There are 2 protein chains.
Amino acid sequence: MSPSLNHCRALDTSDPLRALRDHFVLPDGVIYLDGNSLGVLPKTAAARVADVITREWGQDLIRSWNSAGWFHLPQRLGDKIAPLVGAAPGEVVVTDSTSVNLYKVLSAALAIAAEDAPGKKTVVSERSNFPTDLYIAEGLCRERGYTLLLVEPDGILPALIGDAAVLMLTHVNYRTGAQHDMAPLTAAAHAAGCLAVWDLAHSAGAVPVDLNRAQADFAVGCGYKYLNGGPGAPAFVWVNTRHAERFQQPLSGWWGHAAPFEFTPGYRPASGITRYLCGTQPILSLAALECGLEVFGAAEALGGMAALRTKSLALTDLFIELVEERCAGHGLGLVTPRDHAQRGSQVCLSRNEGAYAIVQALIKRGVIGDFRAGDPSTGSGQAPSTGSGRTGSPDILRFGFTPLYIGFEDVWHAVEHLKQVLETGEWQRPEFKQKHAVT
Amino acid sequence: MSPSLNHCRALDTSDPLRALRDHFVLPDGVIYLDGNSLGVLPKTAAARVADVITREWGQDLIRSWNSAGWFHLPQRLGDKIAPLVGAAPGEVVVTDSTSVNLYKVLSAALAIAAEDAPGKKTVVSERSNFPTDLYIAEGLCRERGYTLLLVEPDGILPALIGDAAVLMLTHVNYRTGAQHDMAPLTAAAHAAGCLAVWDLAHSAGAVPVDLNRAQADFAVGCGYKYLNGGPGAPAFVWVNTRHAERFQQPLSGWWGHAAPFEFTPGYRPASGITRYLCGTQPILSLAALECGLEVFGAAEALGGMAALRTKSLALTDLFIELVEERCAGHGLGLVTPRDHAQRGSQVCLSRNEGAYAIVQALIKRGVIGDFRAGDPSTGSGQAPSTGSGRTGSPDILRFGFTPLYIGFEDVWHAVEHLKQVLETGEWQRPEFKQKHAVT
């Protein structure tokens, strides 16, 4: 028999991370399982940003570039992200968007490959990688004379043999929640004479990452998902110190200059990761992100990413168990791997029919997950890796479990709502069938 | 005899734009002449951003991408900037930083030039252009096999003859406040078979700009100066409709995709200016910028940019007149052109000695301008264009006059403080001699 509501409540009571939930605003009547898309609001953010607006901007004006430390926010926030991804202080900056940062690091990786392995002319990635990563790579490959080779997960290792110059992967897949094993894949890339670029959009703050231990080459990541930095919060970029000073990234703006206030006409890149900055950054959005990052400081005292990972796996295990028992017979398949080592912090369910309407019916009940259409990349290869047994690529119901603020009782209620939506046929109401322009 | 304080007060009383000042927070005891670097706080911004944080993010969470219109903020704000720069609705998007946007449009310009004029291999700019523009151009030129030719203002037209592919200029010079005449320079570029790229960082919201009438090719500009969008507010980008769909800019992220939510692996650029978007944008900073742009809506009813220009010139004329009469004999030179057609919305004074300390002494008195060191580009060619008669390139005291919120009485008091600082020798106090890391 599946765990009872009382059992789930007991799990919350004994959860050593339970106090972290109090750092966030959680709307009444909402079970928020979409923190993998936009994290919730840290309680400190409204007052912090208000202070930046009214005092730092409104009263101190231009002086705040010095007095409030605006100019060094990219480095200050980078140092707060560094321990979450296995980077050292001074190795990370927060700036621009994930897509722009990927352009910078992939440019650098290709420039290094052109020197170290000039015969290699292929960039390898996954067909089901987040599309913006593929778009950025597609453009750079065309410009630099490289081929972008897209493979299924089991095709990655074979693709490294031959003329692969760069392996570009997203650590946790946005659609399936499947997690790559960073260290051995990076080692395999290196053994094949290939650089490894990692996108940590669905990893940073969600699963343990150790970039330096894995000897990864480049990484980028997102501020507004598991880091709870607010809508469109700036992204981050990390470069292995062995590469950091070797190449000047193409977006050579003044914030990455060695002496930006000398206003000299020739570009001299700053040392280290600072050269990955470009233009002036949005201070209000950076201030909100800092509030999200500070919660990880509080989490550190309670066991940090290791403890968060333990809870994340307990939450997703519980969700899978409850769905499989309480929602059996309703055509749901499990897309996310059962194997802990291969699972991120989300669970994706597949259904051949009605996935969109089911998600809408859940949202109407206050259970916020999201919908992703059947894999648009090929119609093959992105089939559920476990569980469903179906062929082809059904639509997906996606549920993120942020261990900072999701509790075990939340999981129980979410599944109870899902059960009711399915059993009553509520999802078949006309109101849930119309797709919005943006989902 | 120079205008009296009472005369200046009478000018304020009869100023048809006087009411616009009430849209802004102006700190007590401060005369803010640095709006050309960071504009002041619109009164609506604190409440607007608080609502975005507490309601749109905190309560509505991911749903706000649709319900609050987050996804279309780049276009919505672009449409509010369009009338300020002579662009049509749908021709401008707000996104990323000025430097990143310059990279996009200069890439596009070079791609077009490569097709239309493959023999032309030079990008022409001004030696005293804002350095980040030169850094971006330097990198792109190296990558694409172009030469970046930097000339003095009187060398621009001669440089267009020959193999110039792109003319890249900042409309109003950040150091001197000198304004180029956009239409004839663009026409000269076109006559020479050359594209014209304009940086409007010190123009948008400060001086009338008519990109379409000038038939300019590409333009970028800044959100946090005269548009009062807040520290590091996102920038804007405009592309002439004749070029907009011709080229796919290199930062091909998902926000510029024709169907970003189809999540297909191949990049298909959106139509029009939307393809100049890349990644997810910082919503809090965009919300603040919208407050700054709304003031221009109120200004439109009072005569818009034409009325703002009239007042701007009256303010800078008054400042020049008062400085020349009341501060005579203190070694100040006038760097900014006297000719209205060549003047932006700032006035720069030169002094061979003590400029930094004088600016610091003024700031201590609440008169906030800023300091720029003697032209670092060459030591020649950026000498004062009028007035000082000195050779070489002295340091600069820079004062911006934003007609939305600066009054004529402010100008009178600013000059009175300058006079006192100079006459008393106050600027020679040791406290004003130490340079900060960031000015």
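Since we're looking at a predicted model, the values are computed, not measured. So you know, we letter chains A, B, ... as the sequences are listed, proteins then strands, and number each from 1. All values below come from the heavy atoms of this structure, side chains included, with hydrogens, waters and symmetry mates left out.
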Worksheet item: Any side-chain heavy-atom pair from A:E143 and B:P250 closer than 4.5 angstrom?
Response: yes
Worksheet item: Parallel under 30°, tilted from 30 to 60°, perpendicular over 60°: which one fits the rings of B:H257 and A:Y135?
Response: parallel
Worksheet item: Is chain B contacted by the side chain of A:Q59, its backbone, both, or neither, given a heavy-atom distance below 4.5 Å?
Response: both
Practice prompt. Name the region of A:A50, side chain, backbone, both or neither, that has any atom closer than 4.5 Å to a heavy atom of chain B.
Written response: neither
Worksheet entry | Interchain contact, A:S252 with chain B, by part (heavy-atom threshold 4.5 Å) | both
Worksheet, complete the sentence: The interface call for B:Q249 against chain A, heavy-atom contacts under 4.5 Å, is neither
Item to complete: Select one option (side chain, backbone, both, neither) describing which atoms of B:R268 are under 4.5 Å from chain A's heavy atoms.
Response: neither
Discussion item. Under 4.5 Å from any heavy atom of chain B, what part of A:V52 do you find: side chain, backbone, both or neither?
Written reply: neither
Fill in: Structural part of A:F24 lying under 4.5 Å from a heavy atom of chain B
neither
Practice prompt. Give, as side chain, backbone, both or neither, the part of A:D51 having an atom under 4.5 angstrom from any heavy atom of chain B.
Written response: neither
Worksheet entry | Within-4.5 Å side-chain heavy-atom neighbours: A:W70 and B:L38 | yes
Discussion item. Less than 4.5 Å apart, side chain to side chain, heavy atoms only: is that true for B:V40 and A:L61?
Written reply: yes
Worksheet item: What pair of heavy atoms forms the shortest contact from A:S37 to B:I62, and how long is it?
Response: OG-CD1, 3.2 Å
Worksheet item: Are any of the side-chain heavy atoms of A:L284 and B:S285 separated by less than 4.5 Å?
Response: yes
Worksheet entry | Under 4.5 Å from a heavy atom of chain B, the part of A:R144 involved | side chain
Worksheet item: Is it the backbone or the side chain of B:I368 that comes under 4.5 Å from a heavy atom of chain A, or both, or neither?
Response: side chain
Worksheet entry | Sub-4.5 Å side-chain heavy-atom contact between B:V25 and A:W57 | no
Response to the item:
One option among A:G139, A:G230, A:A233 has the most heavy-atom pairs under 4.5 Å with chain B, and it is A:G230
Worksheet item: According to the interplanar angle, ranging from 0 to 90°, do the rings of A:F130 and B:W254 count as parallel (below 30°), tilted (30 to 60°) or perpendicular (above 60°)?
Response: perpendicular
